[in-house]
Each structure stands twice: as structure tokens, then as C-alpha cells.
Amino acid sequence: MAKTKKPVEKLEPAEETKKDGKVVSTKRTKGSEFFWTQSRCTGCNRCASVCPVDAIKLERDKMPTKRVGTSPCTRACPAGLDIPRYVRFVADGNAPAATAVMREKIPFPSVCGYVCFHPCELECQRQKFDEPIAIRALKRYAAENDDGSWKNNLKIAPPTGKKVAIIGSGPAGLTSAYFLTLLGHEATIFESMEYAGGKMFYSIPEHQLPKEILNKEIKTITDLGVTIHTSCQVQSVQTLFKQGYDSVLLSTGVLGVDEGLLLPCDETAKSDLIKGNDFLKGIKSTTKETLGDKVIVIGGGSEAYNSAFAAKNLGVSEVNLVCSRHTGSKEASPEEVDRAIDAGVTVQPSLDFVKLVKLNDKIEGVELFRIRSYGYDKENKLHYEIINDTRRLISADTIITTVAQNDKPGSDYLSVVQPGVFAAGDGISGARSVIEAMAAGRSVAGLIDKYLGGEGNLDETLAPPEKTIKPLGEPKGQNRSQVELNLVKQAGGDKVEIEKTLSPNAAKKEAQRCLRCDIVHQVHDYSLDTSSCTYCGRCVDACYWDAITNGYGYEAAAKKRKAEAAALEEKNSVYNYAIRILPIAIGLMILAAAIAKLST
């Protein structure tokens with residue numbers, strides 16, 4: 001009888017998030033053992049080829065195509081620069097086109113060429129063969145050899161009549177002003193310091209970032225029509241609204257407001273959780289058994305710290321306090337804070353954003369992450385963008401919230417508490433790099449544009465089209481181009497080494513080392529059969545781009561499969577033992593029969 005072929009287990013939709021205006025679709029297996037993100041998958045087939053039980057199947061195009069956002073370097077770049085494309089332009093000797101590619105995402109290519117911390121190079125796949133591409137050095141070379149031809153393709157939308165006030169002229173504020181201007185809005189920046197530039201001007205030494213380079217790129221922004229008022233400190237967003245501004249962006253940085261801006265906890269206020277006030281009222285009838293071993297308290301005021309202390313005092317082994325700075329809270333006294341911490345309460349970082357995690361409609365814990373930008377639309381709905389690689393999960397048996405839905409600080413406080421007010425940059429994410437602040441500025445510009453009636457679409461093409469691209473075969477054995485160094489004397493007399501710009505020949509050779517990771521085989525269908533999966537993790541390890549990752553249900557499924565395998569092994573061991581002794585038993589029986597025959 002012919003065997004019936006088992007139907008392939010299709011992946012279910014898990015979540016859809018938006019990045020740069022594009023929908024990023026993530027699917028999961030039925031038990032959330034694995035998550036697969038189509039936009040990251042290059043169709044390389046590595047996961048399927050390493051699977052020992054042939055559990056993975058994918059349908060893909062035979063011919064490779066160019067796809068933005070899939071290469072490891074681009075994914076590692078906070079601003080999402082199309083790095084392989086501008087590297088190829090450098091390899092072709094077209095520095096202006098390479099600069100145009102960068103300017104599609106950021107208005108500071110020269111600044112980044114000097115001070116970017118280049119996380120892209122850490123993810124460069126070339127290092128699996130020798131050394132990563134010198135991406136930052138190529139960026140600096142291209143920007144310094146630009147002829148400004150990118151301006152020929154720059155499109156500025158007709159004036160919308162909308163005015164945006166931006167508090168802070170750091171990389172986030174300036175970047176946002178640049179893109180808002182391209183969208184037709186009138187952007188005005190208010191800077192409390194004497195000079196514009198924020199941490200780019202005041203925190204980075206001259207030998208690392210020459211002021212001439214910075215001011216040149218700031219001038220490019222003001223030439224578009226952005227107004228910057230320096231030595232002008234804003235105390236209240238309400239004043240700006242009264243002056244006729246339609247929206248306000250807070251890009252104050254970590255120096256603008258102590259510990260950063262207050263974060264909202266909207267979701268936790270609306271959810272069906274134990275309220276802190278009710279918990280404290282019923283503390284006499286509450287036991288450790290009713291709470292469980294792990295408790296999370298959401299909030300940062302007096303009620304939150306008292307609830308956390310009370311839970312710890314009942315004998316709960318693990319108590320985490322999250323969202324310790326949020327919109328609306330009666331401030332906890334130093335004594336209340338110290339008492340809770342001394343009792344063993346763990347206070348998570350104040351700038352972590354909180355989202356509830358549910359599995360089968362049951363709240364399992366909270367997910368903490370940093371956000372790049374956020375704000376409310378006209379329907380008072382919160383929108384935000386998550387910073388990559390900042391997610392972490394804290395599980396809980398009980399969650400207590402002390403956040404009320406209508407909590408709001410005073411109207412004069414610089415905080416995001418109403419539609420039309422947005423925040424971005426270090427003020428909400430903590431001190432981060434220049435390129436990350438630029439990414440935040442671009443992100444929030446899209447949110448503001450939507451609030452003002454636009455589509456929030458910041459995509460533009462400034463570079464010329466590429467010629468036909470073919471995938472690279474085997475990488476050529478060529479060493480990384482060495483960047484020459486100069487010794488520069490500082491004001492104190494010490495000498496420091498600084499990088500020089502690559503020569504045209506060195507830049508071209510270095511760019512030719514690129515492996516073209518953005519050339520992909522388009523995947524049309526992906527399936528993973530968890531019934532045959534051994535949970536060995538080889539597929540996850542084989543994927544360079546994190547397209548296939550472990551889900552929330554992986555650990556439980558792996559334990560179950562391990563237990564099944566152990567039980568089967570024990571069963572097989574008994575069977576194998578029986579098989580091994582069977583010949584001996586038969587032999588003994590024959591021998592006994594022979595002896596009995598002889599004795600008769």
C-alpha cells in the first residue's frame with residue numbers, strides 16, 4: 001500500500017512591522033518554535049541543506065535579483081544605507097553616485113565617513129574569508145570626492161503650509177528637519193547652545209571631526225530652507241503651539257532633560273492586569289503561592305516601588321520593576337527606592353520601552369526594547385520604531401501595573417503627552433551613536449508627515465541606475481586596503497593618530513572585494529516541518545541574515561523532543577539488548593538440547 005504523503009506544515013503570520021515605510025512580514029511555526037522573516041531571507045538554501053532530517057522546504061527563483069535591505073551590512077546599519085550599492089559605485093570609479101546613494105538615507109555622509117562606528121563592518125561576510133570591507137573609509141572617500149550632482153535628482157514637494165518646531169539641533173533634529181523640508185513642511189530648529197550640531201559639534205574633538213566638514217553639511221540643510229535659532233531655549237511645547245506650529249519634535253539629546261524624556265506605557269494601562277492599588281490593599285490576604293516565583297511591576301512611582309517591595313517581602317524570588325520613567329506617576333521617595341532595591345528588587349533601565357507578551361491569549365511576561373522615535377497621531381494612537389537588537393524578554397507569573405490610562409504630567413513639561421508632539425534620538429534611547437541619531441531623525445520625520453496629512457514616505461532615488469549585476473562566484477584573494485594614518489598634535493601637546501582618506505586606486509580595489517550579499521534568490525514559499533525537526537539549531541546557525549530564528553516556543557519544544565528521544569533510546573536499548581542476547585540464548589538452547597540428546 002502506497003504511503004500517504006504528509007501535508008507540509010505552513011508557517012502562520014506572526015507580526016507585521018513597518019520599517020522605512022515598508023511592511024516587514026514575519027511568519028512562525030504553529031507552536032512559535034521558529035520565526036521566519038521573508039524580507040531577510042536571501043534564498044541561499046543553507047538552512048535546508050544543513051537540516052539532517054530534511055524538515056525545511058523553500059521555493060525560490062533560479063535567477064538572482066537585487067533586493068534592498070537583505071545584506072548583513074545594510075541590516076547592521078542603523079540608518080539602513082544601501083551599502084552594497086554605493087560600494088559598487090566606488091568600485092566603478094563613480095564617487096558622486098556613491099554619495100547620492102548615502103544621501104537617500106542621511107544628510108551627513110561626510111560626517112559619517114569620519115565618525116561612524118561602522119557596525120556594518122562587524123557583520124560583513126567578507127571576514128569569513130579574510131577581513132571585512134573598509135566600509136567607513138569608502139564612505140569618506142566617496143563623500144570627499146562628491147561633485148554635488150545628487151542635487152539634480154533631489155525633489156522638494158510643494159509647500160504644505162504646515163510648520164514644525166524642532167527642539168535641538170543635533171543629528172536627530174537636523175536630519176528630521178532635512179527630510180521634513182523635502183516633504184514640503186516648514187521646519188524651524190530651536191537650539192539652546194551657541195552653535196548648531198549638538199553632540200557632533202560639542203562632543204567630538206576637532207581632529208576626529210573637523211568643524212569645517214560639519215558646518216558644510218549643516219549649510220546644505222539650511223540652504224534648503226531650514227531655519228536654526230541658536231542660543232534659544234524652549235521651556236514649553238504649549239508656547240510653540242500658540243505660536244502657530246502644527247507639530248513639535250523633541251530631539252533634546254541626553255543633556256536636554258535629566259535622564260531623558262518620559263516614556264509612555266499606554267498598552268499596560270489598558271490591559272487587564274492587577275492594579276497596584278488593589279494589590280497593596282489586599283496584601284494581607286496575598287501569599288507567595290498566589291503570586292508565583294516571578295513578578296513584574298510596571299511603573300516608576302511611589303506605588304510601583306511599594307508594590308515591588310511588598311512582593312519581595314512576601315518571599316517572591318524574582319521581582320523586576322520596568323518602565324521606571326513614564327508619563328504620569330507620583331514620584332517615589334529616595335527611601336522607597338532604596339528599600340525596594342535593598343530587598344532585592346531589580347530595576348530595569350529607565351529608557352526601556354515595555355510591551356506585553358502573550359502566548360495563547362495568556363500574558364507570559366514583558367518584552368523590553370529601546371525605541372528610536374515615537375509620537376501620537378490625531379486619534380491619540382501611539383506609534384514608535386524599535387531599535388534593532390535591543391529586544392529582551394522577561395517572563396512572569398504575575399504582572400502588576402501602577403500606570404493609569406489618564407496619567408499626564410504638567411502641561412509645561414517637555415514630554416510627549418498629546419497628539420502632534422513627537423520625540424526622537426538620545427533623549428528617549430539613551431546616549432547612542434551619531435548614525436543612530438540620524439536614523440531616529442529620519443524615522444520621526446515620517447511619523448510627523450503622517451500626522452500632518454502626508455503618507456510618511458521618505459523614499460527617494462538620487463543615484464543613477466546600476467548596470468546589470470551578476471552574483472559573485474568565489475571571492476578573490478585580495479587583502480584589505482590599509483588606511484594611512486597621520487599624527488596630529490592636540491592642544492595639550494599629546495599626539496593622536498587620525499585616518500587619512502583613501503586614494504582613488506586604493507578605494508577602487510577595496511570596493512571590489514565586496515561579496516554582493518544583496519543579490520538574492522526571491523523566495524515564494526517557505527515551510528518547516530516541526531514534527532520531524534530535531535531542534536539541533538543548525539538551520540539558525542547557518543543563516544547569515546537571521547531570517548530563521550528561534551521563537552518563544554523553541555525551548556519547550558526542544559525539551560519535549562529531547563525527552564521523546566530519550567524515551568525512544570531507552571526503548572531501543574532494551575530491544576537492542578534483546579537482539580544481542582538472542583543468538584546467545586538460541587545457542588544455549590541448542591547446546592542444552594544436544595546435551596540432553598547425548599545423555600539419552
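Atoms considered below: every heavy atom in the structure, side chains included; atoms not considered: hydrogens, waters and symmetry mates.
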Let me know which of Lys199, Arg432, Arg372 forms a salt bridge (Lys or Arg N to Asp or Glu O under 4.0 Å) with Asp426.
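Answer after filtering Lys199, Arg432, Arg372: Lys199.
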So which heavy atom on [X] is nearest to which on [Y], and how close?
X	Y	answer
Gly299	Thr402	CA-OG1, 3.4 Å
Cys112	Ile106	SG-CD1, 3.8 Å
Phe179	Glu460	CE2-OE2, 3.9 Å

Is it the case that atom NZ in Lys211 sees more than 12 heavy atoms from other parts of the structure closer than 6.0 Å?
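Yes, the 6.0 Å shell around NZ holds more than 12 heavy atoms from other groups.
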Taking atom CD as the centre, does Gln243 end up with more than 12 heavy-atom neighbours from other residues, nucleotides or ligands that are less than 6.0 angstrom away?
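For Gln243, atom CD is crowded (more than 12 foreign heavy atoms under 6.0 Å).
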Lys139 to Tyr86 six-membered ring, cation-pi geometry met (6.0 Å, 45°):
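Not satisfied by the 6.0 Å and 45° rule.
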Check whether any side-chain N or O of Ser32 sits under 3.5 Å from a backbone N or O of Gly551 as a donor-acceptor pair, and report yes or no.
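Absent.
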Backbone N or O of Arg442 within a donor-acceptor pair of the Thr175 side chain at under 3.5 Å?
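Here the side-chain-to-backbone pair does not exist.
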Answer with yes or no whether the side chains of [Y] and [X] bring together a donor and an acceptor at under 3.5 Å.
X	Y	value
Ser192	Gln233	no
Ser443	Glu385	yes
Gln125	Arg516	no
Ser433	Glu436	yes
Asp246	His185	no

Would you call the rings of Trp36 and Tyr526 parallel, tilted or perpendicular, where under 30° means parallel and over 60° means perpendicular?
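Trp36 vs Tyr526 ring planes: parallel.
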Are [X] and [Y] close enough for a salt bridge, meaning some N to O gap below 4.0 Å?
X	Y	value
Glu144	Arg140	yes
Glu367	Arg391	yes
Asp449	Lys162	no

My understanding is that only residues two or more places apart in sequence, or in another chain, count here; which of them pass salt bridge (charged side-chain N to carboxylate O under 4.0 Å, His left out) with Asp518?
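Residues passing salt bridge (charged side-chain N to carboxylate O under 4.0 Å, His left out) with Asp518: Lys66, Arg88.
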Report the residues that fulfil salt bridge (charged side-chain N to carboxylate O under 4.0 Å, His left out) with Arg85, sequence neighbours left out, ordered by chain and then residue number.
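Per chain and number, Arg85 pairs via salt bridge (charged side-chain N to carboxylate O under 4.0 Å, His left out) with Asp82, Glu104.
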Taking side-chain hydrogen bond (donor to acceptor under 3.5 Å, both in side chains) as the test, write out the residues that go with Lys219, two or more places apart.
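Expected list: Asp223.
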Just do the side chain to side chain contact (heavy atoms under 4.5 Å, CB included) check on Met200 and Tyr114 with the steps written out, would you?
CA-CA 11 Å; Met200 295 185 293; Tyr114 276 83; over 6 Å; no
